[in-house]
Structures are given as structure tokens and as C-alpha cells.
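Order of the sequence lines fixes the chain letters, A, B, ..., with proteins taken first and strands second; residue numbering starts at 1 for each chain.
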There are 2 protein chains.
Amino acid sequence: MPKLGSCNVFLRATFGIDPGAEIGRQLGELATQVQVMRGQEVQTDPADTTLVFLASGATKLGAQASRERHQIVAFHFGGDIFTVPAVSMHRYMLIGLCESTLTTFPARQFYDRAASNPWIMRALLERSQTALFRCRDKAVNLGQKSAGERVAGFLLAMWERLDASEGPSPMIDLPMSRGDIGESLGLKIETVSRQFTKLREAGIIDTHGRSGVSLLDLPRLAEQAGYYDRNTVPPRPEWVERKPELVP
Amino acid sequence: MPKLGSCNVFLRATFGIDPGAEIGRQLGELATQVQVMRGQEVQTDPADTTLVFLASGATKLGAQASRERHQIVAFHFGGDIFTVPAVSMHRYMLIGLCESTLTTFPARQFYDRAASNPWIMRALLERSQTALFRCRDKAVNLGQKSAGERVAGFLLAMWERLDASEGPSPMIDLPMSRGDIGESLGLKIETVSRQFTKLREAGIIDTHGRSGVSLLDLPRLAEQAGYYDRNTVPPRPEWVERKPELVP
DNA sequence: GGGCGACATTGATTTGGGTCAAAGACCCGG
DNA sequence: CCGGGTCTTTGACCCAAATCAATGTCGCCC
């Protein structure tokens, strides 16, 4: 069964499932192996949610708001598991940032067959919550933060998710263009560029070519990102008027 | 066991579980019944995700970005099931929009005990995906849409989620203030107000007091919301450069 | 290694939404 | 039914980011 090559990896690595087992075989039947190059779209079912395992590479998940407006709702890297929604209010597109290998499944059928296995459902639930968590964080950034804060926060997030060279000033290699960063942060490409320049002139980062970024001063970068420090900043009074009562 | 009163409803209505059964009893042990009034915060565990079943009423889930900046990441209404994240980058707060009755569970423990029941896990997974879906939609709106589009889209979303009076011009009763709407849409209260005025002057809506809104012209409201129409608007060419190849 | 096309940076100008300020409307309790 | 506080609306002005417009540079392919 050569088709199941990378699906094996998926089932074993993520869920600890033996692909030779009955459940492994049943899920394997639903798998589609796909390889994309930079800029290529992964074909997903417009009528149903698609479950994706990204074996290697990096992708962007974008939504089309109108002809000229795209919002990248998530970046994904090797090992990530996520879903691509069916078409609804917005059309979603999954596109490679570099050469990537992935396995796709029709979500509903996958869930039907996997329902009996608590390990798989638990893993999927936790992945889904991680995605939701990241998305809420993005909503906070898009709704409340300035351009400078968004770019600083983006660099910190990429530092956490990408492999960074160790040391006091780690260096990361961004697989996405300035345009992609802008579409992810709700900013125009020129604004992203200007914020990079500001951070460079402040000595907080340094850039190498188009994709290399050295994070020279992480504490100051975090400061620029403007994250709420619950140790120093109390909640706004009108948000906590009175304590609720437990029902006896 | 009076404490389990509304928990019964939760387990039975959502998962079809008999609370008298072993699993029902085990989950019931984890439940906390809470009642909040308008403006009160629901206390959640800062150290772990909280699973919430909103029996009746309405709530807002907000994140604190800094002292003066809040972003509402979701509104919830009776019957909704959702999670409140543990404290991380941002502090999350669940607050009543009106008198509300809800049941909370420590998420990790709930999952541990429910893992063996495929129905529950499946239901939770699907609720989680719905929340993720809504959050992505919010990210698109916050990142790419104008103030007018956001407000129109908000009214449409509330029309779908709230009970609206039937007829050609349905009327909805918003449980949240203009300030809440602004914090949800990433706009200031004055901007929200101005957009309401614009829609009223255009004859698309009418307002009654602080909370009543008549949707006089739904098609035009949908037009104002600026949703991508996949029937008329093709994808941007540079987003679909080449077709990917299936791995043989 | 040189040339070309795409990507990135920089500068000048515009503008949508924010900010500041004040007046008006709703709604609750007395 | 009236008073007062809160929420909402409206107006004048300002600023951060978008837009428009070059110029510069990277990196890929020949």
C-alpha cells in the first residue's frame, strides 16, 4: 500500500495508532496524499470541512473577503493538524509557503470512523482548541493593537513556532513574504516594512536578506508587542462590577 | 442531589446522557452552578481552561489587551457550549450581558472522564470547530473590513443567532451595549453609533430605544456587509498559481 | 556572473476612524 | 410623573495607517 506512506507517519506519530490495525486501515482509506510547491493551492472539498495533517513544510490558510482583500487566518508548520472550513461566508484557501507534504481527510467521515477511539478524539479536540486559542489571540491583535505591536507580536510568535538558532540573539528564517505578514496582521505591505525598519533602527532586530531576522533584544521586542502584564496591570473596574453568586 | 439540577439538563440535552448513569454522575461531580447578573464576571480557573454550558441568558467573552483595551472575542447565548482559556498572553473574562444561568467544568478533568464516551467527545469537537469557525470569521472582519461592513455584518450575525420576530422586516433585541459592539468589532463606540445612524438614514434599519433594531432591508444590509460572493467574484490570480500534484 | 522580475523599502499625500467635547435620549427609581 | 445617571448621538478636529509613487535590492535562472 504505497499510498499510505506518509499517512502511516500521521497516524503513528499523532495518535500512537498502528496503521496495520483495523482503525488505521479504515482511516488510511480516507487519506489523500498531496504535495505542493510554493504558491500552490491545496484542493479541498468546498462542501465539507477538510482535516489536514502537514507532514513537512509550511502553509498559509487564507480567507477571501472580496476580490482584492485576503486575510490569512493561520500559518501552519510541519507536524501541525488543522481543518480547512467548507465554503461559507468566505472562501478559504490553503496554500504552500514552500514545498510541503500533507495528508488530507474528509473531516466528517474521519470523525465517524475515529469516534470509537478516545485517543484520536482527544487529540483532535486539543488541536482544535489550540487553533481556537491562536485565533482568539489574533482577534485581539487585529482588533486592539497598533501596527508596531502587531509586527512585534508576530515576530515573537514566529520565534516560538519556528526553529530558532539558540543564543542570546536567536535568528529565525521567515518562510512568508512581507505581503503574507501584512495579510496576516491586517496591515498593508508598506506598513509592515516600515515597522521592520523601525525595529531595526531601534536595535531590537536585524534583517538578513528577505527572510532572515535576528532578534537582538527579546525583552524589548516583547515590550513593543504590548502584551498585557497581569502582574502590573489590574483589570478595568467596570469589567468586574460585582462578584457572582454560586447557586446553592 | 439538588446541585445537579441544571447539570442534568446540560448532560441530557447536549449529549443525550442519562445523568443517573455512571458517566453522568462522574461528570456531575465536576459541575459548578453559577448565576450572574448583568455586568458580573463568571469566576474561572486562571490555571486551566474552563468548559462552560450557558443554560440561559447571554454572556460576552473578553480579552484584556492592556489597561484600557479590551477585545470581545465572542458572544454566547442560551444553549451555547464553549471554553474560557486559562490566563496566557491575555487575560480572558466571561461576563453576563443579562441575568444568566450557567454550569462550569474544569476542562481537563471533564475530558479525562468523558474520553470513553464517543458521543460527548464528538459533540465537544463539533462545538469547538464552530467556535473556531466564528473566530476565523471575526479575524477576517477585523483584519479586512471597514467600519460600515463590520456593523452590517454584526447585525446579520445577531439576526441569525438571536430570536428575531418573523416577517419581511424582522426585529431583534440586542442584549449588548454600543460599547460592547465596539469592543467586539474593534471600533470605538462613536464609530458604531455613526454607522447605525448611516444605516438608519439609508432606510436599511430602524432603531427602537437602546436595544431594538428593525432590519428593514435584509438584502441591502447583506450588501453593506460586503461578503465575498463566490458566484460573481473569482479568486485573485496570484493566490492560485498552479495546481498541486497528487502524490501517486 | 549578469540581467531580469518579483519583492522590499522609502517618501509624499490622503483618509477612515479615533479623540475630544458637548448635547440629547432612554430608563429606572422615587 | 419627574429627576438624575448612564448610555447614545452628533460635531469638530487629529492622527495612524492606507494609498500613491518611485527607487532600491534580492535571488533565481540563463
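- The CE atom of M89(B) lies 15.0 Å from the CD atom of Q64(B); values are rounded to the nearest 0.5 Å.
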Report, as a single string ordered 5' to 3', how protein heavy atoms within less than 4.0 Å touch nucleotides 24-30 of chain D: B base, S sugar-phosphate only, - not at all. -BBS---

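- Residues L94(B) and E41(B) form no side-chain contact, since every pair of their non-hydrogen atoms from C-beta on lies 4.5 Å or further apart.
- By the 4.5 Å heavy-atom criterion applied to side chains, L61(B) and R136(A) are counted as neighbours.
- Here the rule is side-chain contact (heavy atoms from CB on, under 4.5 Å) with S184(A), and of I72(A), V192(A), L142(A) only I72(A) fits it.
- Comparing the start and finish of the helix from dG1(C)-dC30(D) to dG30(C)-dC1(D), five pairs each, the helix axis swings through 50°, to the nearest 10 degrees.
- Between Q144(B) atom CD and dG16(C) atom P the separation is 16 Å, expressed in whole Å.
- The aromatic rings of H76(B) and F82(B) sit parallel to each other, their planes meeting at less than 30°, with 60° as the upper class boundary.
- Taking atom CZ of residue R38(A) and atom P of nucleotide dA6(C), one finds them 12 Å apart after rounding to whole Å.
- Between the CZ atom of R178(B) and the C1' atom of dG17(C) there is a distance of 18 Å, rounded to whole Å.
- When the C1' atom of dC7(C) is taken as reference, atom CZ of F196(A) falls 13 Å away, rounded to whole Å.
- Side chains of T49(B) and Q129(A): no donor on one and acceptor on the other come within 3.5 Å.
- A side-chain N or O of S128(A) and one of S128(B) form a donor-acceptor pair less than 3.5 Å apart.
- With a 4.5 Å cut-off on side-chain heavy atoms, N141(B) and E149(B) do not count as touching.
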Counting primed atoms plus P, OP1 and OP2 as sugar-phosphate and everything else as base, spell out the protein contacts along nucleotides 11-20 of chain D at 4.0 Å heavy-atom distance: B, S or - for each nucleotide, 5' to 3'. BB----SSBB

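- The CG atom of L174(B) sits 16 Å away from the P atom of dC7(D) (whole-angstrom rounding).
- At a threshold of 4.0 angstrom between heavy atoms, the contacts of S177(A) are confined to the sugar-phosphate backbone, with no base atom among them.
- If you take CD1 of I189(A) and C1' of dA6(C), they are 10 Å apart, rounded to a whole angstrom.
- With 3.5 Å as the limit, one finds a donor-acceptor pair spanning the side chains of D173(B) and S211(B).
- Whole-Å rounding puts the L185(B) CG to dG18(C) C1' distance at 15 Å.
- The separation between M176(A) atom CE and dC7(C) atom P is 15 Å, rounded to whole Å.
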Report the C-alpha separation of Q71(B) and R69(B) in whole Å, then their side-chain angles, then the decisive distance to 0.1 Å, and conclude whether the side chain to side chain contact (heavy atoms under 4.5 Å, CB included) test is met. CA-CA 7 Å; Q71(B) 174 68 37; R69(B) 292 180 296 180; over 6 Å; no

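- By the 6.0 Å and 45° rule, R161(A) does not stack over the aromatic ring of F77(A).
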